[in-house]
**Q** 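Take this structure first; my questions come after.
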Protein chains: 2
Amino acid sequence: MRPKDLDKEKAIRTMALQIIAEEGLENLSMQKLAKAANISPRTIYIKYENKEDLLIKLFVEEVLGAYEQATLKDFRETMDFETGVKKIWLNLFAYCKTNKEAFVLMQYGKSSPLLNKAFQEKNITEGQFFAPIHRFLKRHAKNGTIKSFPIAVHRALLFSPILDLVNEYFEHKDRPRQIVTEKVILECCDMVIKGMLL
Amino acid sequence: MRPKDLDKEKAIRTMALQIIAEEGLENLSMQKLAKAANISPRTIYIKYENKEDLLIKLFVEEVLGAYEQATLKDFRETMDFETGVKKIWLNLFAYCKTNKEAFVLMQYGKSSPLLNKAFQEKNITEGQFFAPIHRFLKRHAKNGTIKSFPIAVHRALLFSPILDLVNEYFEHKDRPRQIVTEKVILECCDMVIKGMLL
DNA sequence: ATTTAATAAGTATACGTTTGTTTACTTATG
DNA sequence: CATAAGTAAACAAACGTATACTTATTAAAT
């Protein structure tokens, strides 16, 4: 039996992410992907059931996991509030800067109905994506370090600004001056922390 | 000469926004739109050059303007920082709550390459979308009420949390309990303001 | 006051492409 | 040589858009 060519599997994933990052999710077609990965369309269907299956697996297996791991690098849920939040912000910034494809697909996960559904399900059934951060927030709310809120509210306050800043970073990437530097990130992080501390 | 049927023009815009809000931008096709609006596909092309033209006009003329107007209702750039920010947050929440279609299309404006381009151009060439807010922020930075930053950074800190909360509001709309209430919005707004004030 | 001519609005349908996916076949390896 | 991996080509369906025709209205001509 002929063995699977792992390079081809890899090429499918790499090119799919690249096309999404460069041309948008709406401009990714199976035939375009096959051509970009230098394979026959049929080959994609050996590994993936259909386009939806490809996108969801790409999102959940390829991006969500790596994204989570990068975010939590050297993060301990026992950290004090300021240290923990700063660690997360800097991790996110460092990872996204060098992994635009992952960042872009994560952003699509919020708006695209298909990926959103996948994200919700993954989040509910496994209930452990970013679990350390959830416990970190719960503990600090209990301790009285910060005000108690549903996790989604904490997430909006803590993460939406840094993700917006990363987006701004990419929009300024090919402009003369970059306005989103690590210094700016840290100053913004300080403000968010200051606002949340009781 | 046969006069234009304004009801049909209206139906095109209404149904387009509805389809985008309910099924996503990627699921809007010209033929589906024509069927939904109960007209012939050709009729869309009387008013709009092509699909891109339709989407951009829908975004810029129909949504951006109304969205801006709603956000700035009773807002004065001479307001003190806390009053001004709270006014904007409450305006945004009230408007989005009852105009999901506009909110959804605004969100697509950030990720969809096509709409993003339109937004950038509109923002640069006209340079006046949300101009009162920009002047409001500039003044308070000059006064020393808040730290001075590029406008994009202020925007990330001030607006991304409220938009994320609105998103969360819609995700909880058909669940047993709504976690994003006006009370929560105001408490979050307080935290953001507290963080930004010097 | 009625008819008519001109014309843009509108419809039904079909065009050529591109879409996601499949069929029929070939290739490489245990 | 059995078999799954892989290819080239083609499938029906859906896409954005154009064609050929009909309809409703206005303004000029009767």
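Basis for what follows: all heavy atoms, side chains included, without hydrogens, waters or symmetry-related copies. Reminder, nothing fancy here: chain letters follow the sequence lines and each chain counts from 1.
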**Q** Can you measure B:Y48 atom OH to D:dA18 atom P for me and round it to whole angstrom units?
**A**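 Checked: the OH to P distance equals 17 Å.
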**Q** Salt bridge check: are B:D190 and B:K194 linked by an N-O gap of less than 4.0 Å?
**A**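 Salt bridge between B:D190 and B:K194, a charged N being under 4.0 Å from a carboxylate O: no.
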**Q** What integer distance in Å separates A:L33:CG from C:dT21:C1'?
**A** 14 Å
**Q** Could you state the CG-C1' distance from A:L28 to C:dG20, rounded to the nearest angstrom?
**A** 12 Å
**Q** Could you tell me whether a side-chain N or O of A:N99 sits under 3.5 Å from a main-chain N or O of A:A102, the two making a donor and an acceptor?
**A** no
**Q** Write down the distance between CG (B:D7) and P (D:dA24), rounded to a whole number of angstrom.
**A** 16 Å
**Q** What is the distance from OH of B:Y45 to C1' of D:dT17, rounded to the nearest Å?
**A** 5 Å
**Q** Take atom CZ of B:R42 and atom P of D:dA18, then tell me their distance rounded to the nearest Å.
**A** 8 Å
**Q** If you measure from SG on B:C96 to OH on B:Y169, what distance do you get to the nearest 0.5 Å?
**A**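 Atom-to-atom, B:C96:SG and B:Y169:OH are 10.5 Å apart.
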**Q** Would you mind reading off the distance between A:Q31 atom CD and D:dC15 atom P, rounded to a whole angstrom?
**A** 16 Å
**Q** I want to check one thing: is the phosphate of D:dT7, taken as OP1 and OP2, less than 4.0 Å away from some side-chain N or O of A:K8?
**A** yes
**Q** Could you please name the option among D:dC15, D:dT17, D:dG6 that lies closest to any side-chain atom of B:S29?
**A** D:dC15
**Q** Using the closest heavy atom to pick a nucleotide of DNA chain D for each, name whichever of B:S40 or B:P3 lands nearer the 5' end.
**A** B:S40
**Q** Closest nucleotide of DNA chain C for A:K51 versus for B:T43: which of these residues is on the 5' side?
**A**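 First, find each residue's nearest nucleotide; the 5'-ward one identifies B:T43.
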**Q** Would you call the rings of B:F136 and B:F81 parallel, tilted or perpendicular, taking 30° and 60° as the class edges?
**A**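 The rings of B:F136 and B:F81 lie parallel, inter-plane angle below 30°.
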**Q** Tell me which of B:R2 and B:K32 sits closer to the 5' end of DNA chain D, going by the nucleotide each one is nearest to.
**A**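 Going by which nucleotide is closer to the 5' end, it is B:K32.
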**Q** Whole angstroms only, please: what is the NZ-C1' distance between B:K4 and C:dT7?
**A** 14 Å
